[in-house]
Colleague: 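Have a look at this one before I ask anything.
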Amino acid sequence: MKKKNIFKVILAILTFFVSIASSYGQCWFTELLKLSNENKVSKEYALLVTDSKKGIQSFEAAQSSGNKALLDYNNFKKFNELSSDLQEAVAKLPGEGNNSLTKQYLSEVDEGKRANILNSLSNKLEDKAREIVIKAFGRDSQFAKDDLVLNKITEFLQPSNKITLDAIGGEKGLQDIIIANVRAGCSTCGNASTSFLKNMDEYLDDVLYFGNTFAGKEGFDKVIKELKVINTKGGPNYSVEGATFMLRKIKETPEITANSIKKFDGVFEGEIDKICVNCRFDIELITGKKFEYKSYGSTSINRISSSDAFLKQHLSYLEDTKSLDQMVYEFDKLKFSNRDKIVEQFRKMYEKNASDVFNVIWNNKEFRNSIFDMSSYPTNISDGQLKTILMSDFKSIINKRDSKLYNFIKLN
């Protein structure tokens, strides 16, 4: 009786497996059982995978196309790059860890077959990258033939960068970002048409770094939106070029990290609305330090002292900042390299609007104390008298171009 029962159980199991194999029409079932019988993968692993239709289909896709979501570049050992369906199946396994079982099977892939898979994958990603460029600029575009540009777009398409690609709007978002940077160049089509812009592949590397580091942070989407702005009147997209400068500086500034950033493209809050409704800053760190990026050429530099909009935004910074070292204005040295002339424009702005600027500083006690050495002033006088004295001193400070008042102006 026992032998007959065992036979029935075996027959039932085989019937179950055959029904799966026939219903899904897949060859990996047989291969998995073969490997499990040879103790190359566990029977539990084989059963779990073959019990999942999606798992089977994922395995078939890996075999036929070399999809990196299942078989990755790094000797097929990165479990986190497997398909989510397969991860779920493997995660159910008991014992010494899912990753070792996955690696144990994938490491058995023949070296020749592995090379074919990698070549197939590489070609598919490059084809997709070329397709994105062609959609952006047309089939005859030199960008579609430039290896550095294609390689960088291919890097965006790798599963390890999926979060970033999704965060910028997928392949369509990447295409829009490429289109908007109209004056970028490439290694085989001549450098960018301006001295201050990077070639397209270098620019995309900055975008990739920004996405990998800051995706999900407050204001991230606003920056990405700025990178896609098209000048409907034709000509350069100045807002995009300003944003590219910010991305370059972020990458070059060790102080700005995923852990230190609070928000991008924020609005000054509170009492500041009395000065400037909806005035914005580019970056705020958790410490409260703020960064403003100015991608200005000589024409814009020379307008600083007479621009009412520039003044109002700057007053917003002065009202919100606690000390001089908590405010940074970064100017692009590749567009304008004379810091003294920038300082002179601020000096003229302060001189012309001395009362307005001083009143903001006076009302911000912490910031006031970072400019004036309050220990050197008498304490037995009224606030009105102290304000008159400080106003006089402020006018003197304005005219000292090497004053610490101008330390926030950076040219890098």
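Everything numeric here is computed off the predicted structure, so don't read it as measured data.
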Colleague: Identify the residue among D320, I361, V360 that makes a side-chain contact (heavy atoms from CB on, under 4.5 Å) with F367.
Modeller: I361
Colleague: Please report the closest heavy-atom contact between A184 and L197, naming both atoms and the distance.
Modeller: N-CD1, 4.4 Å
Colleague: Roughly how far, to the nearest 0.5 Å, is CG of N412 from OG1 of T253?
Modeller: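 T253 atom OG1 to N412 atom CG measures 8.0 Å (nearest 0.5 Å).
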Colleague: State, yes or no, whether a side-chain contact exists between I371 and L390 at a heavy-atom distance under 4.5 Å.
Modeller: no
Colleague: When rounded to the nearest 0.5 angstrom, what is the spacing between CZ in F358 and CG in L318?
Modeller: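 Those atoms lie 12.5 Å apart.
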Colleague: Heavy-atom distance under 4.5 Å between the side chains of L315 and L311, does that happen here?
Modeller: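 Counting from C-beta outward, L315 and L311 do come under 4.5 Å.
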Colleague: Would you say D332 and R248 make side-chain contact, with heavy atoms under 4.5 Å?
Modeller: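 In contact.
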Colleague: Going from CE on M327 to NZ on K322, what distance comes out if it is rounded to the nearest 0.5 angstrom?
Modeller: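 Separation between the atoms: 13.5 Å.
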Colleague: Taking S295's backbone N and O only, do any of them form a donor-acceptor pair with K335's side chain (distance below 3.5 Å, no angle check)?
Modeller: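 Confirmed, K335 side chain pairs with S295 backbone.
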Colleague: Has the side chain of N237 got a donor or acceptor atom that lies under 3.5 Å from a matching backbone atom of A180?
Modeller: yes
Colleague: Over all heavy atoms of both residues, which pair between F331 and F245 is shortest? Give the atoms and the distance, please.
Modeller: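 So the two residues come closest at C-CZ, 3.6 Å.
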Colleague: Can you run down the ring-ring contact (aromatic ring centres under 6.0 Å, His included) pairs that involve residues 136-176, sequence neighbours left out, and say none if there aren't any?
Modeller: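 Listed by first then second residue: F137-F143.
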Colleague: Just one of I381, D383, T388 clears the side-chain contact (heavy atoms from CB on, under 4.5 Å) bar with Q385, so which one?
Modeller: I381
Colleague: Is R139 reaching over with its side chain to a backbone N or O of I134, donor-acceptor style, under 3.5 angstrom?
Modeller: no
Colleague: Relative to the ring of F210, is the ring of F214 parallel (under 30°), tilted (30 to 60°) or perpendicular (over 60°)?
Modeller: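 Taking F210 first and then F214, their aromatic rings sit tilted (interplane angle of 30° to 60°).
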Colleague: Within the 4.5 Å heavy-atom criterion, are I250 and I261 side-chain neighbours or not?
Modeller: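 Side-chain contact under 4.5 Å: no.
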Colleague: Considering only NZ, NE, NH1 and NH2 on the basic side and carboxylate oxygens on the acidic side, decide whether K135 and E171 come within less than 4.0 Å.
Modeller: no
Colleague: For L174 and L204, run side-chain contact (heavy atoms from CB on, under 4.5 Å): C-alpha distance rounded to whole Å, both residues' side-chain angles, the deciding distance at 0.1 Å, then the answer.
Modeller: CA-CA 9 Å; L174 178 57; L204 290 178; 4.2 Å; yes
Colleague: Do you know the tightest heavy-atom contact between I409 and R339?
Modeller: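 Minimum heavy-atom separation between I409 and R339: O-NE, 2.9 Å.
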Colleague: Determine yes or no for a side-chain-to-main-chain donor-acceptor pair under 3.5 angstrom, with T321 supplying the side chain and Q326 the backbone.
Modeller: no
Colleague: Count the heavy atoms of every other residue, nucleotide or ligand shown that sit under 6.0 Å from CG of N399, and state whether that count exceeds 12.
Modeller: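 More than 12 heavy atoms, drawn from other residues, nucleotides or ligands, come within 6.0 Å of this atom.
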Colleague: Taking all non-hydrogen atoms of both residues, which atom of T188 and which atom of Q142 are closest, and how far apart?
Modeller: OG1-NE2, 3.3 Å
Colleague: Just verifying a value: how many Å separate D308 CG and Q313 CD, rounded to the nearest 0.5 Å?
Modeller: 12.0 Å
Colleague: Please evaluate residues I132 and Q175 with respect to the criterion side-chain contact (heavy atoms from CB on, under 4.5 Å), reporting the C-alpha separation (whole Å), side-chain torsions for both, the decisive distance (0.1 Å), and the verdict.
Modeller: CA-CA 6 Å; I132 290 173; Q175 178 183 318; 4.1 Å; yes
Colleague: Is the backbone of I286 close enough, under 3.5 Å, to the side chain of K289 for a donor and an acceptor to pair up by distance?
Modeller: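 No.
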Colleague: Just wondering, are more than 12 heavy atoms of other shown residues or ligands nearer than 6.0 Å to NZ in K404?
Modeller: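 Above 12, so yes.
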Colleague: From the options Y406, Y317, F291, select the one residue that forms a ring-ring contact (aromatic ring centres under 6.0 Å, His included) with Y329.
Modeller: Y317
Colleague: Would you check if the side chain of S337 reaches a backbone N or O of K333 as a donor-acceptor pair within less than 3.5 Å?
Modeller: no
Colleague: If we ignore hydrogens and angles and just use 3.5 Å, is the side chain of N151 paired with the main-chain N or O of D147 as donor and acceptor?
Modeller: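 Judged by distance alone, yes, a pair lies under 3.5 Å.
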Colleague: Counting only N and O atoms by type, is there a donor-acceptor contact under 3.5 Å from the side chain of E344 to the main-chain atoms of R401?
Modeller: no
Colleague: Does any N or O in the side chain of N161 come within less than 3.5 Å of the main-chain N or O of E155, such that one atom is a donor and the other an acceptor?
Modeller: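 Yes; judged by distance alone, with no hydrogens or angles, the pair exists.
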Colleague: Which value, rounded to the nearest 0.5 Å, describes the distance between I301 atom CD1 and F346 atom CZ?
Modeller: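 Taking CD1 in I301 and CZ in F346, the distance rounds to 8.0 Å.
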Colleague: Which pairs count as side chain to side chain donor-acceptor pair (under 3.5 Å) when at least one residue sits in residues 296-307, sequence neighbours excluded?
Modeller: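 Applying side chain to side chain donor-acceptor pair (under 3.5 Å) to every pair that reaches into residues 296-307, excluding sequence neighbours, yields S305-Q345.
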Colleague: Can you name the closest pair of heavy atoms from A144 and L150 and give their distance?
Modeller: O-CD1, 3.5 Å
Colleague: So does I389 have more than 12 non-hydrogen atoms from other groups sitting under 6.0 Å from CD1?
Modeller: yes
Colleague: Any heavy-atom pair between the side chains of L227 and Y203 that's under 4.5 Å?
Modeller: yes
Colleague: Any heavy-atom pair between the side chains of K228 and I177 that's under 4.5 Å?
Modeller: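 Side-chain contact under 4.5 Å: yes.
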Colleague: Apply side-chain contact (heavy atoms from CB on, under 4.5 Å) to the pair K341 and F336, showing each step before the final yes or no.
Modeller: CA-CA 9 Å; K341 289 187 176 181; F336 192 86; 3.9 Å; yes
Colleague: Would you sort out whether S323 and D325 count as a side-chain hydrogen bond (donor to acceptor under 3.5 Å, both in side chains), showing the intermediate values?
Modeller: CA-CA 6 Å; S323 64; D325 60 2; 2.4 Å; yes
Colleague: Taking the side chain as every heavy atom from C-beta outward, state whether M374 and L386 have any atom pair closer than 4.5 Å.
Modeller: yes
Colleague: Tell me whether K262 at atom NZ has more than 12 heavy atoms from other residues, nucleotides or ligands lying less than 6.0 Å away.
Modeller: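 Count not over threshold, so no.
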Colleague: Between E226 and K222 (salt bridge meaning N to carboxylate O under 4.0 Å), is one present in this structure?
Modeller: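 Salt bridge: no.
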Colleague: Pair E284, K290 - check salt bridge (Lys or Arg N to Asp or Glu O under 4.0 Å), show working.
Modeller: CA-CA 4 Å; E284 182 181 11; K290 292 182 173 64; 3.4 Å; yes
Colleague: Begin from the C-alpha positions of V328 and F408 and carry the test side-chain contact (heavy atoms from CB on, under 4.5 Å) through to its verdict.
Modeller: CA-CA 5 Å; V328 176; F408 66 89; 5.7 Å; no
Colleague: Just wondering, do E241 and Y238 contact through their side chains at under 4.5 Å, heavy atoms?
Modeller: yes
Colleague: Among D201, D206, D146, D205, exactly one meets salt bridge (charged side-chain N to carboxylate O under 4.0 Å, His left out) together with K152. Which residue is that?
Modeller: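 Passing option: D205.
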Colleague: Measuring from atom CD of E330 to atom CG of L411, what distance do you get when rounded to the nearest 0.5 angstrom?
Modeller: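 The CG atom of L411 is 8.5 Å from CD of E330, to the nearest 0.5 Å.
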Colleague: Is any NZ, NE, NH1 or NH2 atom of the basic residue among K249 and E252 found under 4.0 Å from an Asp or Glu carboxylate oxygen of the other?
Modeller: yes
Colleague: Where do C186 and V149 come nearest, in terms of heavy atoms and distance?
Modeller: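 Answer, listing the atom of C186 first, then V149: CB-CG2, 4.0 Å.
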Colleague: Give every residue pair that meets the side chain to side chain donor-acceptor pair (under 3.5 Å) criterion with at least one member in residues 356-372, sequence neighbours excluded.
Modeller: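 Non-adjacent pairs meeting side chain to side chain donor-acceptor pair (under 3.5 Å): N359-K387.
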Colleague: Can we say D221 and K225 salt-bridge, meaning some charged N sits less than 4.0 Å from an Asp/Glu carboxylate O?
Modeller: no
